[in-house]
Amino acid sequence: MNIAILGFGTVGSGVYEIIEHAATAETKALHVTHILIRKGKEKKLSIMCDDIKTILDDPQLDVVVETMGGIEPARTYIIEALQAKKHVVTANKAVIAKYLKEFTNIASENGVHFYYEASTGGGIPCIQGLEKALRVDVIDKIYGIFNGTSNYILDHMHRYQSTFDEVLKDAQHLGYAEADPSADIDGFDICNKIRISASIAYNYPITDQFPVFGIRNITKEDVQYFSSKGLVVRLIAETRRKGNSYSCVVEPMLFNENQIEANIQNNYNLISLHGDTIGELKFYGQGAGKLATANAVIQDIIDIMQKKTHRQCTFDHTMNYDSSFCKTDYILRCNPSLLPLLKELSYDIVSSSYFHIKQIEVTKMHAIMNEILKQDATAFMASIYETKEEQSC
Ligand code: HSE
């Protein structure tokens, strides 16, 4: 199987390394014949080039692996590759979240495959797990830790009492963080991953019109305060379905210290889904990092080589966004002078700057938080997982 890799960053070089050091009969059957690098960059290997046309015109080429990241030129190259009747495998969650339906249609029109397991949960085969679960069940909930960098930060702040900035630097050195780590800490990377998962689960292209709140404002003192209450914070994406309505949210969530989510360490992810007959399924593994993510890319290439087809989504179902069936409790930290903004809510004052807000609709809490942030840019909030579970969603 002849492969071209577009982009030679963390994931692209990981794919090349695994194929070069092939350890199995399957990986020995893979050959990297082209690597696309940016114009002006040094061509360190003879197979490197800077012209996409040379690659797409090669009749011997079977698969294009896109690991450039971002929207353009990734979108154009993916479309051109599919139209040139090359299979495409990508790890690029930003472009997939936006153009999943378009890529799927073009692949189908051209009789080739478009696979993207590495885009969600790094090395964890959670897309395949979801697709398999959908053969039997309607999936009414997907939630979990979808980002290695934010988990690494929160885990180290909790276990080693580190500060946010110290741990972010470590995560960057370890190759977990995005080029612009704000995507990791402000929740936008997770937003893309839950959009991809929910789009597959509901067979409907999910937009980014839902509340997202990240961990930029969390302090060492917040983590210590949560610990003193037996709680551990994780940055969570969650989608729920009720009939043809769905909710989506990305926010810090507090778990009891003995829950599984509270004990996920380093760059590991834990993605859970719920179906009527299967109940809860959990997928655990490295959600970020060079070789783990490259492994998922290679699994997709081997599926293509072995003619294993993935679920065919048409993304033509109709769904409505509605979070009114999702209520939960929140712990909010903000300047106490802002308490009037909470006047219509039910809440307890638990210390001079922490407030426990009871059973509020998720979208409403995020709207109030946006008002609070205008006057206290350092404010932080986290929902409480167990109180969400009590709702009959
Ligand atoms: N920056 C991402 C993360 C990489 O930390 O999870 C994998 O998508």
Side-chain angles (χ1 to χ4, degrees), residues 7-15 18 65-71 74 89-98 100 115-128 130 142-157 164-165 167-200 208 212 214-216 218 233-238 250-253 261 264-272 283-300:
F8 206 58
T10 306
V11 182
S13 61
V15 171
I18 294 178
V65 170
E66 186 274 307
T67 58
M68 294 183 296
I71 304 295
V89 173
T90 174
N92 180 346
K93 51 251 159 166
V95 80
I96 303 168
K98 219 166 166 187
L100 181 52
Y115 290 169
Y116 45 89
E117 179 64 70
S119 66
T120 303
I124 309 170
C126 56
I127 300 275
Q128 285 209 39
L130 170 62
I142 305 171
Y143 75 101
I145 299 165
F146 283 82
N147 181 272
T149 304
S150 60
N151 199 67
Y152 186 92
I153 293 172
L154 295 174
D155 174 46
H156 281 240
M157 287 179 80
F164 184 94
D165 290 336
V167 206
L168 173 60
K169 283 201 188 87
D170 291 348
Q172 284 173 303
H173 285 139
L174 288 163
Y176 303 152
E178 297 300 300
D180 174 2
S182 63
D184 297 297
I185 62 182
D186 293 325
F188 299 114
D189 175 71
I190 307 182
C191 173
N192 289 331
K193 292 167 179 170
I194 197 75
R195 281 177 72 188
I196 295 168
S197 310
S199 297
I200 297 167
D208 59 2
V212 175
I215 55 167
R216 179 179 290 275
I218 195 166
V233 65
R234 291 290 182 256
L235 186 55
I236 297 291
E238 182 192 75
V250 173
E251 63 187 8
M253 217 175 264
E261 281 74 7
I264 303 303
Q265 298 187 345
N266 298 318
N267 62 327
Y268 279 72
N269 285 189
L270 178 70
I271 296 162
S272 305
F283 298 89
Y284 169 76
Q286 287 193 76
K290 179 174 171 166
L291 294 178
T293 310
N295 179 302
V297 169
I298 289 181
Q299 290 285 2
D300 276 349

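Counting starts at 1 for both ligands and their atoms, in listed order. Everything numeric in this text was worked out from a predicted model, so none of it was measured.
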Lys193/Asp189 ion pair, N-O < 4.0 Å: yes
Contacts of type side chain to side chain contact (heavy atoms under 4.5 Å, CB included), residue Thr10, not counting sequence neighbours: Lys290
4.5 Å side-chain heavy-atom contact, Ile236 and Ile145: yes
Neighbouring residues of ligand 1, heavy-atom cut-off under 4.0 Å: Lys93, Asn147, Gly148, Thr149, Tyr176, Ala177, Glu178, Asp184, Asp189, Lys193, Gly287, Ala288
Residues in salt bridge (charged side-chain N to carboxylate O under 4.0 Å, His left out) contact with Glu117, at least two apart in sequence or another chain: none
Side chain to side chain donor-acceptor pair (under 3.5 Å) contacts touching residues 175-184 (sequence neighbours left out): Lys93-Glu178, Asn147-Asp184, Asp180-Ser182
Stepwise side-chain hydrogen bond (donor to acceptor under 3.5 Å, both in side chains) test for Asp155 and Gln265: CA-CA 6 Å; Asp155 174 46; Gln265 298 187 345; 4.9 Å; no
